[in-house]
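Proteins get letters first, then strands, A, B, ... in listed order; numbering begins at 1 in each.
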Amino acid sequence: MSGEIRTGSARMRLRGLIRKEFLQIVRDPSSIAIAFLMPIILLLLFGYGVSLDSEHVPVALVVEKSNADTIDFTSRFEHSKYLVPSYYASTREAEQAMMAGRVNAIVVLRQDFGRTLRQSDGAPIQLIVNGVDANTARIISGYVQGVWGNWLAHYAEQRGQKFEAPVELQQRVWFNSELRSRNFLVPGLVALIMTLIGALLTAMVMAREWERGTMEALLVTPLSMREVIVGKLLPYFVLGMGGLALAVSMSLFLFGVPLRGSLWVLIVTSALFLVAALGMGLLISTIARSQFVAGQLALITTFLPAFLLSGFIFDIGSMPPVVQVITHIVAARYYIAILQTVFLAGNDWSVIVPNALALVAMATIFLGITWKKSRKRLE
Amino acid sequence: MNTASHDSAPPAPAMQDSGVALAVNQLSKSFHIGERRIQALHDVSFSVRHGVVTGLVGPDAAGKTTLMRLAAGLLVPDGGAITVLGLDAATQSLAVQGAIGYMPQRFGLYEDLSVQENLDLYADLQGVPESTREQRYRELMHMAGLAPFGKRLAGQLSGGMKQKLGLACALVRQPQLLLLDEPTVGVDPVSRRELWEIVYRLVREQGTSVLLTTAYLDEAERCDEVVLLHEGRLLDQGAPVVLRETMRGRSYRVTVAGMDKRTLQSRIAQAPGVMDALIQGDHVRMVMQNDTPPDYAALLPGVEGVKAEAVPPRFEDSFVALIKGKDRSDASAPESTPLPDPGGTTSHSTRLAKVASQVAGYLPEGARGQSRRVRLRTGINGAQAHPTTAPENAPLPDPTAESGQSAAPVIEVHNLQRRFGDFYAVNNISFEVSQGEVFGLLGANGAGKSTTFRMLCGLLPPSGGTLRVAGADLRHAAAAARARIGYMSQKFSLYGNLSVAENLRFFSSAYDLTGMRRTRRIQWALDEFELAAMADITSGDLSLGYKQRLALACALMHEPEILFLDEPTSGVDPLARREFWSRINALAGQGVTVMVTTHFMEEAEYCDRLAVMAAGEILTMGTPGAIKAEARSAALPEPTMEDAFIGLIMAHDEQRTAA
């Protein structure tokens, strides 16, 4: 009989907790900010602002002696969508512009441009690249070489000569044929947003209950600790799925990222990741009892790894072996692999299944520890 | 008892018949904070009877909250057991939690939920059946006077209303035992009184047993029974009346015509056979160590015109007697905390005497030049007649000095205002404080005391009005004028992870002390406040009383002329408070002007003059005696400061509603 009463009451208790949580979410500006404002800002920032493609790179052109050839060559720069040329009278001025950060590279056409062009071993142009950002420097150098190569071929052709390149490379890019970094950044952001809601927000709201002394009042009711955990899990799961819906619709409709896999696979795997993230958030809250500590812990142990060690921006394959090993404990790593596959490649089960299993394992571990560790005690 | 009617409540425990609601048996509990182990409770045993109000009384860190949490099953004891309604709190905690109501400190309310939503939440959690809720809510809201505020967010309620809502939430499923942890902290006296009425109605009408904690000794007197805790040990248990009656015939109210009350207090405190001496308005309340009538010739040799009258004992007398008795018997006992002296193993009266004479060595440089001449009236053989026995060789302040008459005011405030948005935290207040005066601002939380202080110290710009401190507006003449003030905040503003000596060194350099003067001042502080033995102890590890001493020492490093004290003694035990005030009195005797905020009625009595504040306004101003006299009526021939305070608040509220 008492069991019957207890089930009935457990439903009532959970209902009370969940209703309370939703009222708090709706009324608390910081919850709304983390759940909806931050995702929108991140999406806009990464969708429009951050791009790993170098476009419109300012380049200084120094033409020491102008002639028909140089004019023809420099006009190629003006038609490039990747480079924006500006003209300088001397190398010195161009160098000053580079120092001041106005240009990223200098292309010098020497006085003897016309003469060396016709010699087989000559170097008629000089390229100076700002190498501070090695990645960009390589890209610029590639662009300029491309312009030069194309022009040279064109030049040779015009004179009826055969221009011989040692090897001809025919490139074909798969999955992201336009090579738009947005196409893999924006799906990756979904993982960051779910980490924010699942881990950061959840850890903070639990810590807030400790800080404000309301947890003490909750614990002295007939609630069990598991009810407290479920009462936090459910509302923030719903909130996290809401964040997912927001992020996915913005990716598809605003940024035109293709979704080549199935929406259902996306939803199910996202739910798995969200449960893992919630597990991390709740685990943090068993240690951290102030919002400050909870926030710091969540940022360092969940958000930053999801940013840096998940393959979101930096390719895991090119990390040092030790760091590669560490990435295996970052749940976002598995999720991002799934995301990039589902969005850009399609339902490739050989990628989805192992990663999804890893997510199940992580969710089980985090929630299991939390379940075990949470006792209805103040110490 | 009508408690068994709710279906989710566990079956009525069998112990009920024995008349014991809660039994504590050899209970011990310690905590680890980093390397340190703190013994919060030390072998405590007592029991709480059914159907009465029991008070768990003691200063901060006495172990009260720990005991409440153990009773609620939130902590597990290291040793011993606690039985609540016949259930073991550690092993059957869910059942205990189903049978009790518990209000934690700060009331456990969700501030972003409305009054009604808070009630709904706790009704859901406590499993109150939907069918009975309507009726129960109506009763509770009526009792708490919250009926019109159902839709208001809990965060927007006043302190008193929050407290009543917290109580209503704890009562939503009629508990058999109600645990209230510091229910009246941060609540104004009017609300405090109302809370007591509600608690007693519960006991009377529903037979609820109540256990509450409090640090206020005057409040303890309202309980049917009290359990006295001090530093984790049980001091005594019994009815407050009984405990108080043991002190009958030992308390006197003493005045000496023309003698300054501070001189009198300090002399009585050091006299043989005296247990306690306290300034109360215009007289000194003296408690003797036994009930033989005092011989004033021996007590105050050479003083004429002593007027003494026996007064009824107070509960605080017995508490002080118990702590002092314990200190004596404990002197050789092993200490429960790792501190060398956590607030009084040496005899207290000798320490007080030492304090008074040592502080006499303190003379602020600014005040020295203009120290006032002593104005003892003819026929009085005051301190000067007996320079060998009296500690105050230094000039005495004029006891009767009313503001602005004897000297130019040191602090002048005219029509001061401070607005936050539409809200006036301080609204048009004016007062003056003269040199050597102890001036108090008395009021509940949110009355505007701290805002006033911040403006006086130049930390907050006023929205209107003028103020001058030591002849300057601290907003503009910051550096120079600030060197002349000392400030001690409620939270003591110490660096908890620096040692005592490091704190002193830091504050002395913060006040630009250098070379010999710095060395001299640090040494002075270590000697003066008996901190030398613990110079290398991390200040976070000090007991509250020592923290308070260190904080005062830091505020005095640069020998300020004006001392601002923000709630200086909240939470410390009565002995530490007495010691603190004997230092303050000695400083005032040296010509230091002291301004103090307090919500503590007792403390207000130590001031020369005080301003009673509520809702940003000054309701009245005057000597403690005069303020109490205003409240005198046929029904209340001897009003206490609290009576006077409540009378003023009520009159103010009536005026407001009328307007």
Side-chain angles (χ1 to χ4, degrees), chain A residues 1-33 204-206 208-228 230-232 234-235 289 291 374-379, chain B residues 6-11 29-32 65-66 68-76 89-90 93-114 117-130 153-155 166 169-170 172-173 175 179 181:
Chain A
M1 180 208 107
S2 72
E4 218 169 275
I5 288 170
R6 189 145 168 81
T7 6
S9 301
R11 194 177 302 130
M12 191 192 272
R13 289 195 290 269
L14 266 181
R15 184 191 68 184
L17 275 185
I18 290 170
R19 189 169 51 194
K20 173 217 92 176
E21 210 62 51
F22 274 115
L23 285 171
Q24 282 192 299
I25 291 169
V26 172
R27 285 178 197 160
D28 176 18
S30 66
S31 297
I32 299 285
M204 301 254 292
V205 294
M206 282 288 265
R208 187 175 62 192
E209 298 235 20
W210 287 108
E211 242 174 35
R212 295 192 183 163
T214 47
M215 187 58 91
E216 192 179 340
L218 283 191
L219 294 186
V220 191
T221 62
L223 267 179
S224 73
M225 202 60 212
R226 294 173 181 193
E227 287 163 352
V228 174
V230 175
K232 285 281 175 204
L234 285 180
R289 300 220 163 148
Q291 292 193 71
S374 313
R375 275 169 303 133
K376 220 182 149 189
R377 306 278 184 226
L378 285 175
E379 34 172 12
Chain B
H6 299 300
D7 57 4
S8 63
K29 179 72 191 167
S30 61
F31 296 101
H32 291 271
T65 297
T66 305
M68 291 299 239
R69 289 175 172 173
L70 284 163
L74 291 177
L75 295 173
V76 180
S93 50
L94 263 184
V96 168
Q97 286 153 2
I100 61 169
Y102 177 86
M103 181 167 87
Q105 279 176 34
R106 293 184 291 162
F107 321 132
L109 296 173
Y110 287 92
E111 306 226 322
D112 37 12
L113 261 52
S114 71
E117 287 159 357
N118 267 291
L119 275 179
D120 284 337
L121 171 66
Y122 283 101
D124 280 343
L125 298 183
Q126 294 283 5
V128 178
E130 306 262 7
L153 292 187
C169 288
V172 73
R173 182 189 42 77
L179 302 177
D181 195 7

[X] versus [Y], closest heavy-atom pair with distance:
| X | Y | result |
| --- | --- | --- |
| D120(B) | R19(A) | CB-NH2, 3.7 Å |
| G213(A) | P104(B) | O-CG, 4.1 Å |
| G98(B) | P222(A) | CA-CG, 3.9 Å |
| M12(A) | V128(B) | CE-O, 3.7 Å |

[X] portion near chain A, given a 4.5 angstrom heavy-atom threshold:
| X | answer |
| --- | --- |
| A71(B) | neither |
| A123(B) | backbone |
| V76(B) | both |
| L109(B) | backbone |

_Results of salt bridge (Lys or Arg N to Asp or Glu O under 4.0 Å) for K20(A) - residues two or more places apart only_ =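 If we apply the salt bridge (Lys or Arg N to Asp or Glu O under 4.0 Å) test to K20(A), skipping adjacent residues, the hits are E209(A).
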
*If you count heavy-atom pairs under 4.5 Å with chain B, which of T221(A), L219(A), L14(A), V220(A) comes out on top?*
V220(A)

*asked:* With a 4.5 Å cut-off on side-chain heavy atoms, are D112(B) and L23(A) touching?
replied: no

_Contact between R13(A) and L125(B) at the side-chain level, heavy atoms closer than 4.5 Å - yes or no?_
yes

*Between L17(A) and chain B, which part of the residue has a heavy atom less than 4.5 Å away: side chain, backbone, both or neither?*
both

*Gap separating the CG atom of D124(B) from the CZ atom of R11(A), nearest 0.5 angstrom*: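 Those atoms lie 12.5 Å apart.
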
_Counting heavy-atom pairs closer than 4.5 Å to chain A, which one of F31(B), Y110(B), F107(B) comes out on top?_
Y110(B)

*Among pairs that include at least one residue of residues 211-223 of chain A, which meet salt bridge (Lys or Arg N to Asp or Glu O under 4.0 Å), considering only residues two or more places apart or in two chains?*
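Every pair satisfying salt bridge (Lys or Arg N to Asp or Glu O under 4.0 Å) with a residue in residues 211-223 of chain A: E216(A)-R69(B).
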
